[in-house]
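Predicted model only: the values in this text are computed from it and were never measured.
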Amino acid sequence: MQQAFLGSIRRKLIASFLIVALIPLLLLVFINKQTTEKALTDNARQALSAAANETANRIDAFIDANLNSVRVEAILPGLARYLSLTPKQRDHSPEMKLATETLSSLSRKDMVNILSYALLDLNGKNILDTQISNMDKNESDEDYFKTPMTTGLSFVSSMKRSPKIPELVTLFFSSPVRNAKGKILGVLRVSYNATVVQQLVNRETERAGAKSLAILLDENYIYLAHSTAPQLLFKSIVPLPLDVVNQLQRQGRLPNYPVTELVTNESQLQQALDNKQSYLIASLSATGNQVNLIAIARLKYQPWSVLFAQPLDVALAPVKKQIRDAMLLFSIIASVVTIIAFSIVKLLTKPIIYLTDIVLQFTAGDLDIRAKINSQDEIGQLAKSFNKMALQLQTAFETLEQRVQERTAELVIAKEKAEDANQKLEQLANLDGLTQVANRRCFDKRLQAEWNRLAREQQPLSLILFDVDKFKSYNDYYGHQGGDNCLIRVAQTVQQTVSRPGDLVARYGGEEFSILLPNTDLEEAIAVAQSIQQAIHDLAIPHLHSDVKDIVTISLGITSVIPTSDIKPDILITSADKALYNAKQQGRDRYCIAVAR
């Protein structure tokens with residue numbers, strides 16, 4: 001035990017040395033780690049934000065350039081003259097030749113990305129197209145036709161999947177074509193391969209940092225571009241309402257897949273976009289649910305968002321090496337401090353070992369032993385205090401046993417008094433003061449308890465309610481003292497008649513009593529009621545002012561039920577009360593039965 005005590009002291013002292021020496025170092029490492037992580041995170045965020053904003057600007061510039069181009073191209077005279085002709089005048093006309101050459105020339109300015117140039121008449125009919133298969137097609141329901149016709153301005157559409165080529169994604173630019181008087185004659189429509197936009201999105205990923213990725217989302221949070229997971233294209237980051245999904249599928253902006261296959265469930269990302277945040281830290285399914293730093297930039301000409309993300313572990317990789325170096329240094333310092341602390345602790349604990357040995361001998365029964373005082377420091381003061389305490393304890397031990405015996409005797413007496421008082425209080429709480437049978441409070445508690453128990457066991461519970469016939473007349477004639485004596489005799493007689501341990505006789509109120517009969521069916525309850533009625537007859541208490549008999553009689557209501565958890569025990573009381581009422585109505589001095597429902 002002494003060795004364990006000393007070992008504990010030494011461990012605490014060594015731990016104290018280590019804490020004093022190493023806590024500042026740990027604090028420094030922690031502060032350095034936090035500072036470095038913040039700096040790396042800020043740098044990564046700035047790089048991602050720069051890449052996202054640059055990409056958004058490039059896409060905006062692409063859209064702006066094409067909107068300007070299509071607006072300028074729409075005023076070329078050959079197009080307006082062709083649209084001003086009637087359908088019959090257009091075929092093989094010089095204007096058709098000029099318009100065809102104009103569209104072909106325009107389509108050749110970017111033969112890689114421009115899919116076709118087309119002229120749509122006022123009805124949205126494709127009357128001239130560099131892609132001949134589109135001619136005569138009705139495009140009046142398309143936004144790139146309806147919007148320029150309504151606003152009179154050039155327009156850029158959302159990205160749409162090609163209905164004919166599964167892998168092709170298109171983007172449409174359009175502008176109204178006007179005559180010299182400014183009247184709209186139709187729409188010039190340009191179909192672009194949207195790969196050009198996706199290439200703009202991917203261009204800045206290397207600049208954003210290692211393992212970074214770029215994403216383009218439209219106003220419905222649908223992926224329009226993804227640098228590392230092209231399989232997510234045309235899926236939404238959160239579930240969309242079914243009517244919205246159906247509308248987007250009709251417009252070619254979502255594939256005709258089941259709704260569950262069109263979602264990636266990026267709720268944190270949706271919340272950031274809804275709140276117009278420019279930066280967040282969240283997990284992405286495309287990176288295996290890794291935590292990512294994510295920067296967000298928004299386009300000017302379309303309600304789209306450009307996101308650049310980088311795994312947090314990649315951004316903070318330099319911190320890991322720094323922590324490993326710091327932990328190595330920490331281990332070396334801890335080892336040196338431990339060796340020094342062990343040597344100092346050994347020197348400091350020597351007088352403590354001596355005092356500990358003295359204390360152990362004293363506690364073992366050597367009350368005469370005392371410590372030698374060899375110094376005036378704290379250890380010497382401790383030895384002096386021990387000697388004084390030992391003398392006081394030696395004196396106290398002589399009378400302690402006698403005091404313990406006296407106190408024990410007092411506690412035994414107090415306990416007996418308390419138990420007696422508790423027993424009396426319990427009796428007062430549950431007994432009727434006049435009749436000395438159970439009171440209404442006791443009856444209510446037992447009814448609930450038996451109801452719950454018998455509901456689990458599916459056994460019957462019966463109840464008898466009875467009261468003394470014409471008791472008011474009895475009380476008026478024989479006086480209140482006589483009435484009280486009558487109730488006492490009736491209650492005690494019933495208490496003796498109902499002899500099973502689980503049965504309960506209680507005063508329900510005034511001259512009315514209740515008998516609770518657990519595990520008793522209706523037939524057995526009737527037998528109990530008959531015995532009680534006969535016992536009251538046998539008392540032959542005179543009742544000269546009763547119109548029932550010249551002795552005291554009782555009327556009884558009987559009911560029985562198998563309790564369930566679906567109904568309350570109040571139904572038992574209601575049913576018995578109804579039966580008691582029937583007994584009184586039928587002339588009293590009898591029992592009636594009611595079925596609990």
Side-chain angles (χ1 to χ4, degrees), residues 40-64 156-161 169 171 194-240 244 248 253-255 262-316:
L40 290 172
T41 302
D42 288 344
N43 290 339
R45 179 173 61 183
Q46 290 173 7
L48 292 170
S49 295
N53 286 313
E54 178 64 22
T55 300
N57 291 336
R58 288 178 183 275
I59 298 174
D60 276 332
F62 168 77
I63 294 174
D64 186 42
V156 57
S157 73
S158 296
M159 292 188 188
K160 301 181 180 182
R161 294 165 55 89
V169 179
L171 184 66
T195 304
V196 65
V197 177
Q198 295 170 345
Q199 290 171 347
L200 291 173
V201 172
N202 298 339
R203 185 178 297 178
E204 294 292 319
T205 53
E206 292 184 4
R207 175 185 169 187
K211 296 187 178 179
S212 62
L213 58 92
I215 298 171
L216 179 63
L217 299 175
D218 71 3
E219 69 275 15
N220 294 302
Y221 304 150
I222 296 171
Y223 291 98
L224 300 180
H226 201 299
S227 62
T228 61
Q231 69 275 12
L232 297 181
L233 295 184
F234 294 98
K235 292 185 179 181
S236 59
I237 64 173
V238 291
L240 299 175
V244 174
L248 293 175
R253 296 174 61 186
L254 278 179
L262 297 174
V263 180
T264 60
N265 293 314
E266 313 283 3
S267 56
Q268 285 181 282
L269 190 55
Q270 178 216 6
Q271 186 175 3
L273 291 166
D274 288 342
N275 295 333
K276 306 299 182 182
Q277 291 177 226
S278 59
Y279 174 76
L280 76 152
I281 298 177
S283 59
L284 292 175
S285 59
T287 60
N289 289 320
Q290 277 185 298
V291 177
N292 289 263
L293 306 174
I294 305 173
I296 305 173
R298 291 164 180 84
L299 271 65
K300 175 182 177 182
Y301 292 103
Q302 282 282 56
W304 298 348
S305 302
V306 176
L307 287 71
F308 269 73
Q310 183 182 40
L312 186 61
D313 288 345
V314 175
L316 300 181

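- Remark: side-chain polar atoms of Q290 are not paired, donor with acceptor, to backbone N or O of Q310 under 3.5 angstrom.
- To the nearest 0.5 angstrom, N57 atom CG is 11.5 Å from D64 atom CG.
- Counting only heavy atoms from C-beta outward, the side chains of I222 and D218 approach each other to under 4.5 Å.
- Side-chain contact check for I59 versus Y301: every heavy-atom pair is 4.5 Å or farther apart.
- A distance of 9.0 Å separates CZ of R161 from CG of L233, quoted to the nearest 0.5 Å.
- A donor-acceptor pair under 3.5 Å is formed between the side chain of E266 and the backbone N or O of S285.
- With hydrogens and angles ignored, the 3.5 Å screen pairs a side-chain donor or acceptor of Q198 with a backbone N or O of L224.
- Expressed to the nearest 0.5 Å, how far CD of Q46 lies from OG1 of T41 amounts to 11.0 Å.
- None of L216, D60, V156 except one satisfies the side-chain contact (heavy atoms from CB on, under 4.5 Å) rule with Q302; the exception is V156.
- In terms of heavy atoms, V201 sits closest to I215 at CG1-N, 4.1 Å.
- For A56 against A297, the heavy-atom pair with the smallest separation is CB-CB, 4.0 Å.
- Among residues two or more places apart in sequence or in another chain, the side chain to side chain contact (heavy atoms under 4.5 Å, CB included) test is passed with R298 by L273, K276, I296, S305.
- A donor-acceptor contact shorter than 3.5 Å links the side chain of N275 to the backbone of Q271.
- Between A52 and A295, the closest heavy-atom pair is CB-O, 4.2 Å.
- Side-chain contact between I63 and L299 is present, with heavy atoms from C-beta onward closer than 4.5 Å.
- With sequence neighbours excluded, the residues that form a salt bridge (Lys or Arg N to Asp or Glu O under 4.0 Å) with R58 are E54, E204.
- In this structure, D42 CG and S49 OG are separated by 10.0 Å, a value rounded to the nearest 0.5 Å.
- By the side chain to side chain contact (heavy atoms under 4.5 Å, CB included) test, N202 pairs with S227, sequence neighbours left out.
- Take E219 and apply the side chain to side chain contact (heavy atoms under 4.5 Å, CB included) test, not counting sequence neighbours, and it matches S158, R253, P303, W304.
- In this structure, the separation between CG on N220 and CG on L254 is 8.0 Å, given to the nearest 0.5 Å.
- In terms of modelled atom types and a separation under 3.5 Å, the side chain of S236 and the main chain of L262 share a donor-acceptor contact.
- Pairing each heavy atom of M159 with each of A194, the nearest pair is SD-CB, 3.8 Å.
- Counting only heavy atoms from C-beta outward, the side chains of L240 and L248 approach each other to under 4.5 Å.
- Counting only residues at least two apart or on different chains, the ring pair (Phe, Tyr, Trp, His ring centres under 6.0 Å) pairs with a member in residues 214-234 are Y223-H226.
- Checked by atom type and distance alone, the side chain of N292 never pairs as donor or acceptor with a backbone atom of A309 at under 3.5 Å.
- At least one side-chain heavy atom of L269 sits less than 4.5 Å from a side-chain heavy atom of L307.
- Under the salt bridge (Lys or Arg N to Asp or Glu O under 4.0 Å) criterion, no residue pair touches residues 223-239, with sequence neighbours excluded.
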